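Below is one structure; the comments refer to it alone.
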Amino acid sequence: MLRTVITAAVGLGLLASGCAPDSEAPVKVSVLSRSSNGQYVPTQVELTTIEDIVGLKGSVGDLQGGARIVIDVNDPALGNATEDTIAEVLLKKAGHDVKASYITQPDPTTGEDVLWPADFHTWNMATSYYNLERANEYFRTVGNVKVAEFEPVPTLYYFPEFIIAQTSKEPARDNAIFYPILQSFLVLPFEQIQRAPLPLNAAVMAHEYSHLVFNRLAYATQSLPEALIVWSQQSPSLGANVLKSFDEGLADYHAYGATCRSPSGCDPRFLSTTFDNGPFSAITDERDLSRSDRCMSQDLYNSLVGQDVNTFSARGNEYKVGTLLATALYQAGRASGQEAVLQRAVVAAYYDTNESNPGIFQLTQRFLPNQERFSLAVPALAIIGHIGDLELRKAVCNEFVDHLRIPREQLIIDNYCPPSTAAGSTCPSIVTE
């Protein structure tokens with residue numbers, strides 16, 4: 001469908017005069033964006049952070065093409081790699097600046113020049129940059145993240161050859177990734193996902209951008225997060241399992257939050273335009289935040305506390321627990337009518353040096369020698385502690401007890417949650433000790 005839209009859009013500009021694009025922001029350019037009726041259509045936007053419209057680089061990202069990244073645990077070069085050099089080992093080919101092509105066409109209303117992408121890849125790349133810009137704007141305004149936290153500017157590897165040797169010798173397809181070891185985004189070639197490829201889905205890019213923010217704050221910009229490295233070497237890996245679950249769940253929650261600033265409005269099923277009616281259609285229902293019947297099961301809880309991190313992740317359990325977390329936050333925010341307030345509180349909980357109200361990063365350091373104490377309640381309390389409004393705090397407490405089955409006694413300590421905190425009747429009880 002999008003290939004047809006792109007071809008038609010290019011046809012609109014074939015007779016327009018050409019000129020060298022002006023890279024001085026703001027730059028008016030057409031991208032593929034979801035309209036108020038939910039369809040992806042050519043849309044005129046302003047890129048406000050762009051510095052090079054042809055190379056598509058600016059203060060929120062730097063697009064690079066032609067890279068080759070190989071993850072192979074048997075690579076002998078990994079034996080001598082350090083945190084500072086491991087990226088060089090994995091990046092077999094660094095790639096090069098992309099080169100976007102445009103046709104200049106006057107806006108029929110204002111007469112101002114607008115750049116229309118002249119080929120498929122330019123549509124894809126320009127839209128990818130725009131979606132990074134939108135995600136950055138969400139975290140700056142709603143999340144109150146300081147500009148300095150987004151430095152250094154991340155690279156976005158566009159259509160790289162990305163090989164995970166232990167999985168397949170063939171390059172991966174159909175994915176958008178934030179890869180912390182490279183502190184970069186990867187937009188992979190798409191093959192099966194044709195309806196709305198991942199980089200065109202602004203919510204998907206917001207999800208990946210949320211991983212960058214979580215890394216910069218909750219992991220203090222560690223390419224190899226210390227807590228994950230230390231805890232993953234132990235079995236079971238409760239602390240690592242909880243951290244990875246929170247990272248995924250909060251990414252979904254912020255992806256939803258970012259949709260609320262779009263013309264189509266808040267969308268708890270933000271994956272639907274990409275995954276519906278295709279080979280991955282079940283993913284939309286599995287990650288739909290509006291379902292109020294999501295519950296921590298006994299089996300999932302046992303996996304969280306009893307499995308090593310590799311087994312836990314291989315079975316997709318971090319996404320299952322993460323969806324419970326995102327659903328709980330969604331339900332609390334919607335019920336209280338304070339979604340933006342809650343979204344800001346969540347981000348504030350990532351990093352806080354206040355000893356009486358520490359952030360998630362500070363708590364990982366506190367429990368580094370003893371990960372079995374880093375239960376679901378620990379990062380949950382960090383979020384609760386950064387919610388100032390008492391009614392909103394109570395709503396979050398109740399949803400955490402209900403959907404995640406965090407024991408009430410673990411949340412009412414030190415007046416984090418009110419004594420009246422209680423689970424609803426949605427989810428059955430499980431044994432958590």
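Here the structure is a predicted model, which is why all the values come from computation and not from measurement.
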Once rounded to the nearest 0.5 Å, what's the spacing between atom CD of Q307 and atom OG of S313? 9.5 Å
Do T259 and Y256 come within less than 4.5 Å of each other through their side chains, counting heavy atoms only? yes
Please lay out, stage by stage, how F214 and Y219 fare under the test ring-ring contact (aromatic ring centres under 6.0 Å, His included). CA-CA 7 Å; F214 194 85; Y219 291 142; 5.2 Å; yes
Any donor-acceptor pair under 3.5 Å from R216 side chain to T221 backbone: no
Indicate whether the side chain of Y319 and that of S245 have a donor and an acceptor atom separated by less than 3.5 Å. no
Restricting to side-chain contact (heavy atoms from CB on, under 4.5 Å), what partner residues turn up for N136, sequence neighbours left out? V60, R140, F150, Y209
Short side-chain donor-acceptor distance under 3.5 Å, Q166 and D72: yes
Checking F185 against F178 for the ring-ring contact (aromatic ring centres under 6.0 Å, His included) test, could you report, in this order, the C-alpha distance in whole Å, the side-chain angles of both residues, the deciding distance, and whether it holds? CA-CA 4 Å; F185 299 102; F178 171 70; 5.5 Å; yes
Ring-ring centroid check F159 H121, cutoff 6.0 Å: yes
If we count only N and O atoms by modelled type, under 3.5 Å, do the side chains of D389 and Q338 hold a donor and an acceptor together? yes
Walk me through it: do K320 and R315 pass the test side chain to side chain contact (heavy atoms under 4.5 Å, CB included)? CA-CA 9 Å; K320 296 174 184 177; R315 297 177 180 178; 5.6 Å; no
Let's go through S128 and N131 carefully: what are the C-alpha distance in whole Å and the side-chain angles of both, what is the deciding distance for side chain to side chain donor-acceptor pair (under 3.5 Å) to 0.1 Å, and is it a yes or a no? CA-CA 5 Å; S128 296; N131 286 338; over 6 Å; no
Full working for side chain to side chain donor-acceptor pair (under 3.5 Å) between T82 and T85: CA-CA 5 Å; T82 66; T85 64; 3.2 Å; yes
Between the CD1 atom in I383 and the CG atom in L342, the distance rounded to the nearest 0.5 Å is 8.0 Å
With distance as the sole criterion, is a donor-acceptor pair present between the side chains of S290 and D288 under 3.5 Å? yes
Euclidean distance, L212 CG relative to Y179 OH, rounded to 0.5 Å: 15.5 Å
Looking at CZ of F270 and CG of D252, how far apart are the two atoms once the value is rounded to the nearest 0.5 Å? 4.0 Å
Could you give the distance from CG (L56) to CG (L132), rounded to the nearest 0.5 Å? 10.5 Å
Quick one: do L115 and I103 satisfy side chain to side chain contact (heavy atoms under 4.5 Å, CB included)? Show the steps, please. CA-CA 6 Å; L115 299 179; I103 298 169; over 6 Å; no
Backbone of A423 reached by a side-chain donor or acceptor of N398 within 3.5 Å: no
Counting N and O atoms only, with roles assigned by atom type, does the side chain of N175 sit under 3.5 Å from a partner on the main chain of L188, one being a donor and the other an acceptor? no
Supply the atom-to-atom distance N201 CG to L32 CG, rounded to the nearest 0.5 angstrom. 12.0 Å
For the residue pair R68 and I163, establish whether any side-chain heavy-atom pair is separated by less than 4.5 Å. yes
Any L411 side-chain heavy atom under 4.5 Å of L381 side chain: yes
Salt-bridge criterion met for D107 and K28 (N-O under 4.0 Å): no
Taking every heavy atom of A255 against every heavy atom of A203, the minimum-distance pair comes out as CB-O, 3.3 Å
Nearest heavy-atom pair of P236 and V305: which atoms, and what distance? CB-O, 3.4 Å
Can you check whether V70 reaches F162 side chain to side chain, under 4.5 Å on heavy atoms? no
Looking only at heavy atoms, the pair that brings S237 and V309 closest together is OG-N, 3.2 Å
Return the set of residues passing side-chain contact (heavy atoms from CB on, under 4.5 Å) with Q298 (not counting sequence neighbours), or none when no residue passes. Y301, N302, I430, V431
Looking only at heavy atoms, which two atoms of L217 and Y350 are closest? And how far apart? CB-CB, 3.6 Å
Between K92 and E161 (salt bridge meaning N to carboxylate O under 4.0 Å), is one present in this structure? no
P358 side chain reached by D352 side chain, heavy atoms, under 4.5 Å: no
Assess whether atom OH of Y416 is packed by more than 12 heavy atoms of other residues, nucleotides or ligands within 6.0 Å. yes
For a side chain to side chain donor-acceptor pair (under 3.5 Å) check, start with the C-alpha distance between D97 and Q64, then their side-chain angles and the critical distance, and finish with the verdict. CA-CA 5 Å; D97 291 341; Q64 294 287 301; 2.7 Å; yes
Which heavy atom of N124 sits nearest to which heavy atom of F190, and what is that distance? ND2-CE2, 3.8 Å
Minimum side-chain heavy-atom gap W231-L238 below 4.5 Å: no
So, are R269 and D267 salt-bridged, with charged N and O less than 4.0 Å apart? no
Note: E133 and E46 closest approach over all heavy atoms is OE1-O, 3.4 Å
Just so I know, are the side chains of M125 and K99 near enough to count as touching, which here means a heavy-atom distance under 4.5 Å? no
I'd like to check E248 versus S210 (side-chain heavy atoms, cut-off strictly below 4.5 Å). Are they in contact? no
